[in-house]
Each structure stands twice: as structure tokens, then as C-alpha cells.
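Just so you know, these numbers come straight off a predicted model, no measurement behind them. Numbered from 1 within each chain, the chains take letters A, B, ... in sequence-line order.
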Amino acid sequence: MAQLKCPICGGQVSVEDDALPGELVEHECGAQLEVFKKNETLSLRLAEEVGEDWGE
Amino acid sequence: MRIGVTYDILRWEERDILEKGRRMGMEVIPIHLDEVIFSMDGNGVKSQTLGEMDSIIQRSISHTRAYLTSALMESAGYMVFNGSSTIERAGNKAIASSLLSSRGVPTPKTVVGLQREVALKAAHTLGFPVVIKPVEGSWGRMTAKAEDEDSLWSFMEYQEGTSLKYRNVFYLQQFIRKPGRDIRVFVIGDEVPVGIYRINDSNWRTNTALGAKAEPVDINSELRDLALKAREVFGGIFLGIDVFEDPKEGYLVNEVNTVPEYKNTARVTGYDITGTLLTKLREASRK
């Protein structure tokens, strides 16, 4: 498991080693986070709220 | 066989495609759209980030990104499902309704106006209540039922105050007195193998995103023919078609979804939608 930092509360977030960008992670602080790649390494950002053009 | 899956958010469906594809002996490559670059010059369009692919499944959650990237990938020579033309036409409700109507596919009566007073007047030809929807949008978001002229006026005013691209386009539809449910059927290739009722006793909007319960539906020949007729209009290899049951007019095609979600359908029917999709994709890639 990779240990990443929550961008909201600064706490540790455990993410699978083979996690993919775009995966959503619920953190215990209540934030919904999205895995993304930053300089070829996995990182976390606050997941986007539902976009106006999101859907099926 | 090497298949790309373009996506933004990795939902159950995208994960299932990655896992089942690998189990079926395919090389399935997840492509997060944030990381994709297209370059174009006098020698054509290229994307080094995509590399060699036999075909690509478009699974972007954003209509804008799905349409745009399907179009660019097609220009770069990739075989993309669903293609940009399918996504563009079905994703715009005004265009979709006009195409369904012009091709003789039964669909709810609809008016489209570009100015509030004019659209309000046209609403009377439908009879109240009427349903107002954003021209682009999904999951029942901002879809409202106006019981009378006064409430429709307010809804149109609210719409104009949003940042929607088509905020000044008023898409109004007759209110169909559904029996507390609608039907979602899936077209995969040239088959209509599975579908669900979406049941909601407490909300006239029957989107599962708004809490409707999914139950399997038996696909009769009329439903199958209707779904295939809709596919003829929009093309594509994988469509989720929403059908209303009107007490007087029978089946009406309401919408066609070009990046359909199917987690609930797979769950309640046990049908392997992903497996069928990948099989059809393999066949199409070989043509």
C-alpha cells in the first residue's frame, strides 16, 4: 500500500500500489479524493463535484 | 488484441472492462484522459501517449471530453467506440429528439425554442404539465416538471441564470404519465440482450441516479425493434436507450446514452454486459 497525503486534512491515506489515476478514495476526514499522477507519481486531489456535462 | 479504455473517473464499469478484458486474453490499457496529448501539423494528428491500439472504448464521464477526444482519436486514425458522431448527436437532446422524429422513431412530443416568451407560447401546444430539461445533461439533473405557465416561466428564468452552454435554449417535452417506471435497454453491437425497469414510486424522474430501483425486464420484439431502430439513427456499438411506456401511444424512446452506466443492470440481471461488449468490440476491430 502506498501512503499518500490527504490534501484537505494532511492525514495519511492508504492507497493500493496498483491504483490508477481517476480512482476515488473516501478519506476518514470526510473528503472524497481522486488519485492522479503528478510528475509520474501518484498523488491525491479533492475529487471534482459532479460537472455540468457529466453523465451517460 | 490491444484495446484502450479512455476515462476520467474509474467507475465500476471501467474497472470491470479492464479486469474482464484481461481475463479474455486482451491487452486492455487504461488511458486517463488527463494524461493524453494530441499533436497536429501538416502531416496529420498524432498522440504518442496513446500508442498502438486495435480499438478504443470511450468511457469519459464528461460529454464534452468524450465527444472531443473521440473526434481527435478518430482523426489520429484510431477506431473509437462510440465515435464522435454518435456521442455528439445523442448527447444533445434537441438534436437527438429531432433525429428520432425525422426517422420515424416514436418519441415524446417536444418543442425547442430559443427565446423565453416564444418557448412559453409553444408549451401550450404540448399541454401542461410539461417537462423542461437542459439540452445537455444527464442523471435527471435540472429536469423539472412545470404544472402551469407560471412555474414554467420560473424554471426558464432559473435556467437562463445558470452557466450552462445552452442556457438560452428551452427544451420542453410533454409529460408522459409513466406507470412509476421507465425502461433502459442496452444495444450491444446488433443485439439487445438486456434491460431493466427503473422503478420509482415517489419521484416521476426514474433515473437510478435519483434512487430508482432496478429490476430485470423481458425484452419483447417491439422493444428490441425500437432499440435497433434507434441504433440505426445514432450508430455506435454500445447504447443505453431509455424508453417510456405511454398509456395511449405505447413505447416512446426518450433518450439515447452513448457512454452508458450499467452496474445496476449487471447486478440485478446477472448478465455479463462487459463480456458481450468486449466480444462485439473484438469482432468490430477485425472488420
Give the minimum heavy-atom separation between [X] and [Y], together with the two atoms involved.
X	Y	answer
B/E35	A/P21	OE2-CG, 3.2 Å
B/W139	A/E56	NE1-CG, 3.7 Å
A/G55	B/S138	CA-CB, 3.3 Å

- Message: Tell me if a side-chain donor or acceptor on A/D53 pairs with a main-chain N or O of B/T64 at a distance below 3.5 Å.
- Response: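 Yes, the answer is positive, given that a donor and an acceptor are paired below the 3.5 Å cut-off.
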
State whether the number of non-hydrogen atoms from other residues, nucleotides or ligands found under 6.0 Å of [X] atom [atom1] is greater than 12.
X	atom1	result
B/K280	NZ	yes
A/Q3	CD	yes
B/K145	NZ	yes
B/E157	CD	yes

Could you tell me which portion of [X] (side chain, backbone, both or neither) has an atom closer than 4.5 angstrom to a non-hydrogen atom of chain A?
X	value
B/L18	side chain
B/E14	neither
B/S163	both
B/D8	backbone
B/P260	both
B/R59	neither

For the residue pair [X] and [Y], establish whether any side-chain heavy-atom pair is separated by less than 4.5 Å.
X	Y	answer
A/L24	B/L10	no
A/W54	B/S60	no
B/H32	A/K37	no

- Contacting moiety of A/E23, where chain B heavy atoms sit under 4.5 Å: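 Contact with chain B is through both the backbone and side chain of A/E23.
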
- Message: For B/R15, is there an ion pair with A/D18 - N to carboxylate O distance below 4.0 angstrom?
- Response: no

- Item | A/E52 with B/R167: basic N within carboxylate O range, under 4.0 Å | no

- Of all of B/E255, B/K165, B/R184, which one pairs up most often with chain A through heavy atoms under 4.5 Å apart?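 Ranked by heavy-atom pairs under 4.5 Å with chain A, first place is B/R184.
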
- Task: Name the member of B/I9, B/T162, B/L33 that forms the most heavy-atom pairs with chain A at distances under 4.5 Å.
- Result: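 Highest number of heavy-atom pairs under 4.5 Å: B/I9.
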
